[in-house]
Amino acid sequence: MKFGYKVCQIVKKIPRGKVLTYKKVAELAGRPRAFRAVGNILNKNRDPKIPCHRVIRSDGKIGGYKNGQKRKIELLKKEQAL
DNA sequence: CGTATGACGTGCA
DNA sequence: GTGCACGCCATAC
């Protein structure tokens, strides 16, 4: 619970035009080995107040998105442009 | 409480 | 450089 809560705070703090990796978020959350749980939490919670679309993989790829990777790509492109 | 899942990451072939 | 398999942590059922 605390972990997921912290992850939410971190992701919500991500400014526009910036993206963090699951690993980075997990590190900031205090569990650099829980990068898997990070995506899992965002996936099951998919909170609209959490710009989870700003969280990408360490490979630089988009990764996944409950609403659809396409939507994530669109959002990233749009926000990065701003 | 225990098992299975999941939006990942790293290592080896 | 690409592909496959294993390992890891938290959440949900």
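A, B, ... follow the sequence lines: proteins, then strands. Residue 1 opens every chain. Bear in mind that the values here come from a model prediction, so they are computed numbers and not experimental data.
Of the possible donor and acceptor atoms, none in the side chain of A:Lys66 sits under 3.5 Å from a partner among the backbone N and O of A:Arg46. No donor-acceptor pair under 3.5 Å is formed between the side chain of A:Asn43 and the backbone N or O of A:Gly39.
In summary, contact between chain A and DNA chain C, defined as any nucleotide atom under 4.0 Å from a heavy atom of the protein, begins and ends at C:dG7 to C:dA12 in the 5' to 3' direction.
Among the heavy atoms of the strands lying under 4.0 Å from A:Ile41 are primed sugar atoms or P, OP1, OP2 only; no base atom is included. Residue contacts shown for A:Phe3 are limited to sugar-phosphate atoms, with no base heavy atom under 4.0 Å away. At the heavy-atom level, A:Lys44 lies under 4.0 Å from base atoms of the strands shown. Across all strands shown, A:Ala37 has heavy atoms under 4.0 Å from base atoms, whether or not it also approaches the sugar-phosphate.
Remark: C1' of B:dC8 and CG of A:Leu20 are 15 Å apart, rounded to the nearest angstrom. Rounded to an integer number of Å, the gap from CG of A:Asn45 to C1' of B:dA7 is 12 Å. When rounded to the nearest whole Å, the span between CZ of A:Arg31 and P of B:dC8 equals 21 Å. Rounded to whole angstrom, the span from the CG atom of A:Asn40 across to the C1' atom of B:dT3 amounts to 14 Å. In this structure, A:Asn67 atom CG and B:dG6 atom P are separated by 16 Å, rounded to whole Å. The interatomic distance linking A:Ile62 (CD1) with B:dC8 (P) rounds to 12 Å, in whole Å. When rounded to the nearest whole Å, the span between CG of A:Asn43 and C1' of B:dA4 equals 14 Å. Between A:Asp59 atom CG and B:dA7 atom C1' the separation is 13 Å, expressed in whole Å.
When side chains are defined from C-beta on, A:Asp47 does not count as touching A:Val11, because their heavy atoms never get closer than 4.5 Å. Side-chain contact between A:Ile50 and A:Val55 is absent, with no heavy-atom pair separated by less than 4.5 Å.
For the pair A:Lys18 and A:Arg54, the tightest heavy-atom approach, listed with the atom from each and the gap, is O-CD, 3.6 Å.
Residue-to-nucleotide contacts include no donor-acceptor pair under 3.5 Å from the side chain of A:Tyr65 to the base of B:dA7.
Looking at which nucleotide of DNA chain B each of A:Val38 and A:Ser58 is closest to, the 5′-most match is held by A:Val38. In terms of position along DNA chain C, the nucleotide closest to A:Arg36 lies nearer the 5' end than the nucleotide closest to the other residue of the pair A:Lys2 and A:Arg36.
Separation of atoms CG (A:Asn40) and OH (A:Tyr22) is listed at 10.5 Å; rounding is to 0.5 Å.
In this model, the phosphate group of B:dC8 is approached by a side-chain N or O of A:Arg57 to a distance below 4.0 Å at OP1 or OP2.
Between A:Asp59 and A:Arg57, at least one side-chain N (NZ, or NE/NH1/NH2) sits under 4.0 Å from a carboxylate O, which counts as a salt bridge.
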